[in-house]
Structure formats: structure tokens, C-alpha cells
Amino acid sequence: MLKKGDCAVFAVILILIAVFGWYKWDASQSGGSRIATVSQYGKVVKTINLDTVKTAEDIKLPGKYDVVIRIERGRICFIHSVTPQQIGVKTGWLSKPGDFAACVPAQAYIKISGISHKLDTVAY
Amino acid sequence: MKNTRKLVFIALMISGALVLSLIDSRVVLIPVFPGIKIGIANIVTIIVLYFFGWKEAMMVTVIRCVLTGIFSGNPISLIFGLSGGILSTTAMALMFRKYPKYFSIIGISLCGAEVHNFGQLIAASFLLGSKTMFFYAPYLLIVGAISGFGIGLVSSRVCKIFDVRALMKIK
């Protein structure tokens with residue numbers, strides 16, 4: 001039932017999974033401080049060092065979707081939005097480098113990246 | 001479309017696809033990754049592609065996406081549906097028309113599912129103004145491979161069992 005080309009399609013998919021998996025894995029490997037970046041309309045709105053957050057904070061993003069982002073020590077999430085599918089909210093808390101949540105209708109996303117300790121020692 | 005039987009069949013297929021995509025949008029496949037769907041409406045696209053051609057398949061896909069967008073009242077789902085649908089139908093039509101010797105319906109469906117995912121990722125990347133969306137790619141690829149294979153299996157059985165053209169006495 002399967003033909004020659006089908007195996008090629010499978011092979012290509014496996015290679016793509018490996019490539020993008022590595023891309024994602026690579027992003028999650030940076031240790032050190034966890035930096036959350038909140039962006040909207042292609043611009044960075046706020047950058048937060050999640051390890052140094054003292055009190056929980058809510059940020060409201062502009063736009064008609066009433067998007068609210070909650071920041072707590074070590075984690076961040078879309079806590080509320082009036083978007084139809086609620087995909088950003090359902091993604092839940094982000095806490096590891098490489099974690100990512102998007103609210104496409106509001107054109108907003110949150111990404112966590114790590115900054116290595118090496119860089120910190122240079123900075124101090 | 002002069003052939004009334006064909007017109008009726010295509011209309012039936014569009015309404016069928018519409019029902020399937022509405023069911024699809026209600027099914028939560030993986031709670032951790034919201035927004036990932038099975039893509040059962042693709043069965044209809046493949047059947048139409050198999051028995052008619054790329055024009056009819058494209059028509060069914062575009063009308064289905066536009067109507068789903070209107071019914072769900074979600075302009076974003078319209079953008080995502082169209083970007084994924086048009087790209088995947090084009091890819092499947094190319095494989096089916098140009099290289100039927102090399103690809104079975106399962107391979108075509110697999111490719112269609114993955115191209116659909118990439119179309120949506122590209123649309124999302126444009127909307128967000130960032131390529132970070134591709135962090136989703138490994139999960140989408142894995143789910144797309146499984147669902148594409150399943151959809152292909154179902155579609156190839158349907159195409160074998162029901163000779164639509166003979167059943168509907170088209171031409």
C-alpha cells in the first residue's frame with residue numbers, strides 16, 4: 001500500500017523533527033537566570049528576570065483583547081484574555097528556558113530564555 | 001460547473017468538511033499544547049482531490065475555511081485556516097497530479113498535514129513578528145505525522161470502497 005515516496009516523506013519528517021527538536025532543546029539548555037521577554041506587535045514590551053521577582057505583578061497589554069500577564073517569582077503566564085480560543089491562557093505557567101506561549105489575536109507572546117552564569121560574572 | 005451531479009456532490013462535500021472541522025475545533029487533543037488539532041476535514045479534501053482534481057479540492061478547502069471562520073466568529077482562525085489549507089492543498093495536488101507513481105494517499109496526507117502546520121506557523125510568525133513560534137514545530141511535526149498517517153489511512157480506505165463517480169453517476 002505504501003509507495004517509495006512515502007518513505008521519503010517519513011524520512012524528511014523525521015529529519016525536520018530532529019532539526020526543530022534540537023532548536024528547541026538548545027534554547028532550553030542555557031542555565032543561569034531565567035529572563036522572560038514579553039513582546040507585542042513585534043516589539044519587546046517588558047523584560048523580567050524571573051529569579052529576582054519579589055512580589056507578584058500583573059501587566060495589562062493594550063488592545064481590544066484585554067490580555068493580562070501575571071508574573072510571579074520563577075514563573076509567568078497569560079492569566080486572562082478575551083480571545084476566542086484562549087490558547088495563550090491554556091498554555092499555563094512558563095518557568096523553564098525555552099518555554100513559550102503566544103496569544104496570536106493580540107499579537108503577543110512570552111518567551112523565557114536563560115542567561116548563563118559566565119555572562120553574569122563578566123557583568124559584575 | 002455545468003454538471004449538476006458534480007455540483008451537488010461538491011456542495012455535499014463542503015458541508016461535510018464544515019461539520020468535520022467544527023467537530024475538530026471542539027476536540028482538545030493534547031491539553032498541554034492547546035490549539036493542536038487532528039485535521040479530520042482533510043479527509044474531504046483528499047477525497048475530492050482523488051475523484052475530481054486540484055481545482056475542486058482547492059474550492060472545497062477555501063470555502064470550508066471561510067465558512068468555519070465566519071461560523072466561529074474568529075478572524076484569526078480564518079487566517080490560519082486559509083494559510084494552512086491553501087498551502088497543504090497545493091502540496092497534495094502537486095504530489096497527486098505530478099508524482100502519483102511515487103506517493104500513496106497516505107504519503108500525500110502526511111505531507112499535507114505537515115505543510116498545513118508549517119503554513120500556520122509561518123502565518124503566526126508573521127502576526128507575532130517573531131520566529132519564536134517555531135518552538136512549537138517539533139510538537140506539531142510529531143502530532144502531524146501521527147494524524148496525517150491516520151487521516152491518510154482512512155482516506156485511502158474511503159477512496160477504495162466508494163467509487164464516488166460511479167455512485168453519483170457523474171459523467
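Of all the listed residues (B:L128, B:N74, B:I79, B:L140), the one sharing the greatest number of non-hydrogen pairs under 4.5 Å with chain A is B:L128. Looking only at heavy-atom pairs under 4.5 Å with chain A, the residue among B:A124, B:S104, B:P138, B:S25 that has the most is B:S104. Contact count versus chain A (heavy atoms, under 4.5 Å) is highest, among B:L110, B:I106, B:I108, B:I105, for B:L110. Contact tally against chain A (heavy-atom pairs below 4.5 Å) for B:G107, B:A123, B:S77, B:S156: the top residue is B:G107.
Remark: the B:S155 side chain and the B:S109 side chain contain no N/O donor-acceptor pair separated by less than 3.5 Å.
Annotation: side chain of B:M59 is in contact with side chain of B:I10 (closest heavy-atom distance under 4.5 Å).
A donor-acceptor pair under 3.5 Å links the side-chain atoms of A:R73 to the main chain of A:D51, judged by distance alone. Counting only distance, with no hydrogens or angles, the side chain of B:E114 and the backbone of B:A145 share a donor-acceptor pair below 3.5 Å.
Between B:F135 and A:Y23, the distance from one ring center to the other falls under 6.0 angstrom.
Residue contact with chain A, scored on non-hydrogen atoms closer than 4.5 Å, is absent for B:F126. If you measure heavy-atom distances from B:M95 to chain A, the contacts under 4.5 Å come from the side chain alone. Using a 4.5 Å cut-off between heavy atoms, B:F149 touches chain A through its side chain atoms alone. Residue contact with chain B, scored on non-hydrogen atoms closer than 4.5 Å, is absent for A:A18.
Among A:V68, A:V89, A:I59, the one residue that satisfies the side-chain contact (heavy atoms from CB on, under 4.5 Å) test with A:I79 is A:V68.
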